[in-house]
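Heavy atoms only: backbone and side chains are in, while hydrogens, waters and symmetry mates are out. Both counts, for ligands and for their atoms, begin at 1 and track the order of listing.
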Amino acid sequence: MIQVGINGYGTIGKRVADAVRAQDDMEVIGVAKTRPNFEAETAVKKGYPLYAAIEERAPLFEESGLELAGMVEELIDAADIIVDATPSGIGAQNKELYDEYETPALYQGGEDADLVDVSFNARGNFSEVEGADHVRVVSCNTTGLSRLAAPLEEEFGIEKMRVTLVRRGGDPGQTSRGPINDILPNPITLPSHHGPDVKTIFPDLSIDTLGMKVPATLMHTHSVNVSLESEPTADEVRDLLEQESRLFLIRENMNIDGAGKLKELAHDIGRPRGDLWENCIWRESISMEGNDLYLFQAIHQESDVVPENVDAIRAVLGTADAAESVAKTNEAMGMGI
Ligand code: NAD
């Protein structure tokens, strides 16, 4: 059993903990938090041993009636691998600690690419991270773009990818980011960080990205144009994408017009927290004009990186190859709509 420690039990950390727990080859040996809150309480109720990330704040947990299993250093020492799901920039501060205990660490997309030995996406470069000490699971948007780029590049070749990302202003719980009533080019200059970030997975891919932020919390939406090296029909592209286990093609008769109904679907089919781990691509938006492919996809920012973290654990420790790991993760989580 792979012993997994999770440092940072917020939006991403709590989801990764549950996904790891669902696997039969790994277990969560503890989660670390900086302060007691509803998420810390839930962690304890779920039976995850709770560790304090900051020593001076440890008494706050006891005062809130939450029993601690120890300090984060003990968790890092005991773990085969740490998933760092702390806020952007904190992972970089924690790196030294992971080195001190010689525990390999996975970081999230909020950290800079140059913090780590290699960035990771299961569909893009699974085999490149084995044995690495510091690996970054790329952000939600980069994960969504990498999953789409991989089959298109393999099957048709990509001349150039152009993507406009309409980004949710904040997660549902991030009240500090709102309310807002605007549409912000973000950043105003090109490219947004997403294109260069996709190139950490596909160094040779030609990709330009623009970003906008809108007052929404549910999902990101990508408007995608890919100039292909060949001229498949739209149906051939649909057939190809349909075979990908982490791409969900929204069927025309589902009558889903946006993120609101997608999230409603997720709740209806019993997804934990209403999560949508797959890219959600509107099937009828897939169009070809000459060699130019167009489509719209929605990305659930809080959850598409979760299965990728599970795969990254096996990839770093070398316990499975890409196909085995992805199949195992998908099966255990209940992937596929
Ligand atoms: P979050 O704020 O929801 O959760 C972070 C958790 O870490 C919180 O519980 C916080 O209390 C805790 N924390 C803060 N400082 C800590 C420390 N020093 N040690 C241990 N824990 C600490 O953040 P999140 O949305 O889960 O983001 C985590 C990472 O995942 C970031 O790099 C982010 O960019 C990335 N990411 C976020 C999303 C998203 O949409 N939320 C999507 C993909 C990737």
Under 3.5 Å, is there a donor on one side chain and an acceptor on the other for R314 and Q23?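 Yes, side-chain donor-acceptor contact under 3.5 Å.
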If we ignore angles and hydrogens, is there a donor and acceptor under 3.5 Å between the side chains of Y107 and D112?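 There is no such pair between these side chains.
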Would the number of heavy atoms belonging to other residues, nucleotides or ligands and lying under 6.0 Å from CD of E102 be above 12? no
Under 4.0 Å from ligand 1, counting heavy atoms only: the protein residues, by chain and number: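 Protein residues near ligand 1 are N7, G8, Y9, G10, T11, I12, K33, T34, A53, A85, T86, P87, S88, I90, Q108, G110, C140, R168, D171, Q301.
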Considering the options D197, T209, N121, D304, which one meets the side chain to side chain donor-acceptor pair (under 3.5 Å) requirement together with T142? D197
ILVMFWY clustering at 4.5 Å (side-chain atoms), partners of I337: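 Taking Ile, Leu, Val, Met, Phe, Trp and Tyr as members, I337 shares its hydrophobic cluster with L218, M219, F248, I250, M254, I256, L262, L265, I269, L276, W282, F296.
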Side-chain donor or acceptor of E154 paired with backbone N/O of P151 under 3.5 Å: no
